[in-house]
**Student:** 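Take this structure first; my questions come after.
A quick note: this is a predicted structure, and the numbers were derived from the prediction, not measured.
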Amino acid sequence: MKRPEKEEAVARLTDKFRNADAIILTEYRGLSVPQVADLRNKLGRDTSYNVAKNTLARIAAKEAGIEGLDEMLAGPCAITFVKGDYVNAAKTLRDFAKDNPALIVKGGFIDGAVADADAMEKIADLESRDVLLSRMAGALKGTMSKAANLFVAVPTKAVRTFDALREKQEKAA
């Protein structure tokens, strides 16, 4: 690669590093072109799966302010740039690796910190953002429902007591 081409490649990678919500590094040695294409389709539109020279990726990461990926950027390495919910991307990579043992998740950079392969496995085990939000909404709805029933219980009990007292007085009269 000529120097201007390298500078352009570093600029593109730097932009991707800056704009990504998460970065996941994998080793793709042994995957065929159709398998990589299938993986890209499974990852979706908000995630890009790129193969880049490690030296250029290291330079781009440093220019983007990301430190600590140098050890993982060794050997044949592909970079997954994730926009949005990175848990789904981690799950997709984990599931794809189960079916295709040639894909190895090395680690990544998530929420401002470097994550190793074990951390990426734990992230993949998390529920998706939508599931967690719906569980939280259900818990809040249940709590508010209990509170509403509690607020209504005291006046309802008082009305029933007064009604029973009135019936008792009518029978006595």
**Student:** Given the rule in the side-chain hydrogen bond (donor to acceptor under 3.5 Å, both in side chains) test, do Y49 and T26 qualify, once you have shown the distances and angles that lead to the verdict?
**Tutor:** CA-CA 10 Å; Y49 191 75; T26 60; 2.8 Å; yes
**Student:** Any donor-acceptor pair under 3.5 Å linking the side chain of N100 with the backbone of L103?
**Tutor:**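 No.
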**Student:** For R94 and A124, which heavy atoms make the closest approach, and how far apart are they?
**Tutor:**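 Here R94 and A124 meet closest at NH1-O, 3.3 Å.
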**Student:** Can you find a pair of side-chain heavy atoms, one from V105 and one from E121, that are under 4.5 Å apart?
**Tutor:**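 No, their side chains stay 4.5 Å or more apart.
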**Student:** Would you mind checking if K122 and D118 are paired as a salt bridge, meaning a charged N to carboxylate O distance below 4.0 Å?
**Tutor:**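 Salt bridge flag = no for K122 with D118.
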**Student:** Does D15 have any side chain to side chain donor-acceptor pair (under 3.5 Å) partners at least two apart in sequence or in another chain, and if so, which?
**Tutor:**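 If we apply the side chain to side chain donor-acceptor pair (under 3.5 Å) test to D15, skipping adjacent residues, the hits are N19.
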**Student:** Look up atom CZ in F109 and atom CD in E67, then write down how far apart they are to the nearest 0.5 Å.
**Tutor:**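 Reported value, rounded in 0.5 Å steps: 9.0 Å.
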**Student:** Given 3.5 Å as the limit, does a donor-acceptor pair link the side chain of K83 with the main chain of D46, or not?
**Tutor:**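 Judged by distance alone, no pair lies under 3.5 Å.
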**Student:** Please report the shortest heavy-atom distance between N54 and G75, naming the atom on each side.
**Tutor:**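 Answer, listing the atom of N54 first, then G75: ND2-O, 2.7 Å.
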**Student:** Which heavy atom in A89 sits nearest to a heavy atom in T47, and how many Å separate them?
**Tutor:**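 Smallest heavy-atom distance, with atoms named: CB-OG1, 4.4 Å.
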**Student:** Using side-chain heavy atoms (C-beta onward) and a distance below 4.5 Å, is I110 in contact with M120?
**Tutor:**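 The answer is yes; the side chains approach within 4.5 Å.
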**Student:** For K42 and L93, indicate whether the former's side chain and the latter's backbone hold a donor-acceptor pair under 3.5 Å.
**Tutor:**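 No: the side chain of K42 does not pair with the backbone of L93.
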**Student:** Give the C-alpha distance, both sets of side-chain angles, the deciding distance and a yes or no for side-chain hydrogen bond (donor to acceptor under 3.5 Å, both in side chains) between D85 and N88.
**Tutor:** CA-CA 6 Å; D85 188 14; N88 286 335; 3.2 Å; yes
**Student:** How many angstroms lie between atom CG of L69 and atom CD1 of I79, to the nearest 0.5 angstrom?
**Tutor:**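 The CD1 atom of I79 is 8.5 Å from CG of L69, to the nearest 0.5 Å.
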**Student:** For the backbone of L73 and the side chain of R58, can you confirm whether one donor and one acceptor N or O come within less than 3.5 Å of each other?
**Tutor:**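 Looks like yes, one N/O pair under 3.5 Å.
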**Student:** Identify, with sequence neighbours excluded, every residue that meets side chain to side chain donor-acceptor pair (under 3.5 Å) alongside R29.
**Tutor:**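 Counting only residues at least two positions away or on another chain, R29 forms a side chain to side chain donor-acceptor pair (under 3.5 Å) with E27.
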**Student:** Check the hydrophobic clustering (I, L, V, M, F, W, Y; side-chain heavy atoms under 4.5 Å; chains of links allowed) and say if Y86 and L133 are grouped together.
**Tutor:**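 Different clusters.
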**Student:** Please indicate whether R45 has more than 12 foreign heavy atoms, meaning atoms of other residues, nucleotides or ligands, lying under 6.0 Å from its CZ.
**Tutor:**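 No, CZ of R45 has 12 or fewer neighbouring heavy atoms, counting only those of other groups under 6.0 Å.
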**Student:** Is any NZ, NE, NH1 or NH2 atom of the basic residue among D116 and K106 found under 4.0 Å from an Asp or Glu carboxylate oxygen of the other?
**Tutor:**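 Here D116 does not pair with K106 in a salt bridge, since their nearest N and O are not under 4.0 Å apart.
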**Student:** Closer than 3.5 angstrom, by distance alone: can the side chain of N50 be matched with the main-chain N or O of T80 as a donor-acceptor pair?
**Tutor:**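 Checked: no pair found.
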**Student:** Which heavy atom of G30 sits nearest to which heavy atom of A102, and what is that distance?
**Tutor:**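 Nearest heavy atoms, G30 then A102: C-CB, 3.9 Å.
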**Student:** Hey, does the side chain of S134 reach the backbone of V131 with a donor-acceptor pair shorter than 3.5 angstrom?
**Tutor:**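 It does hold such a pair.
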**Student:** Less than 4.5 Å apart, side chain to side chain, heavy atoms only: is that true for L43 and L39?
**Tutor:**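 Yes; the side chains approach each other to less than 4.5 Å.
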**Student:** Could you tell me which non-hydrogen atom of F17 sits nearest to which non-hydrogen atom of A57, and how far apart they are?
**Tutor:**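 F17 and A57 have their closest heavy atoms at CE1-O, 3.7 Å.
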**Student:** Quick one: do K16 and R12 satisfy side-chain contact (heavy atoms from CB on, under 4.5 Å)? Show the steps, please.
**Tutor:** CA-CA 6 Å; K16 287 185 177 189; R12 277 196 313 268; 5.6 Å; no
**Student:** Rounded to the nearest 0.5 Å, what separates atom CD1 in I23 from atom CE in M72?
**Tutor:**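 Nearest 0.5 Å value for the CD1-CE distance: 10.5 Å.
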**Student:** Determine whether V82 and D21 make a side-chain contact, defined as any pair of heavy atoms from C-beta on separated by less than 4.5 Å.
**Tutor:**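 Contact flag for V82/D21 side chains = no.
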**Student:** With a 4.0 Å cut-off on N to O distance, would you call K171 and E167 a salt bridge?
**Tutor:**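 Here K171 does not pair with E167 in a salt bridge, since their nearest N and O are not under 4.0 Å apart.
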**Student:** Taking only residues two or more places apart in sequence or in another chain, which ones pass side chain to side chain donor-acceptor pair (under 3.5 Å) with S32?
**Tutor:**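 Testing S32 for side chain to side chain donor-acceptor pair (under 3.5 Å), a comparison that skips the adjacent residues, returns Q35.
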**Student:** Considering only heavy atoms from C-beta outward, does the side chain of E7 approach that of R3 to under 4.5 Å?
**Tutor:**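 Yes, side chains in contact.
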**Student:** Nearest 0.5 Å, please: how far is CD1 in I104 from CG in L25?
**Tutor:**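 If I round to the nearest 0.5 Å, the distance is 13.0 Å.
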**Student:** Between atom CZ of F96 and atom CZ of R40, what is the distance when rounded to the nearest 0.5 Å?
**Tutor:**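 It comes to 11.0 Å.
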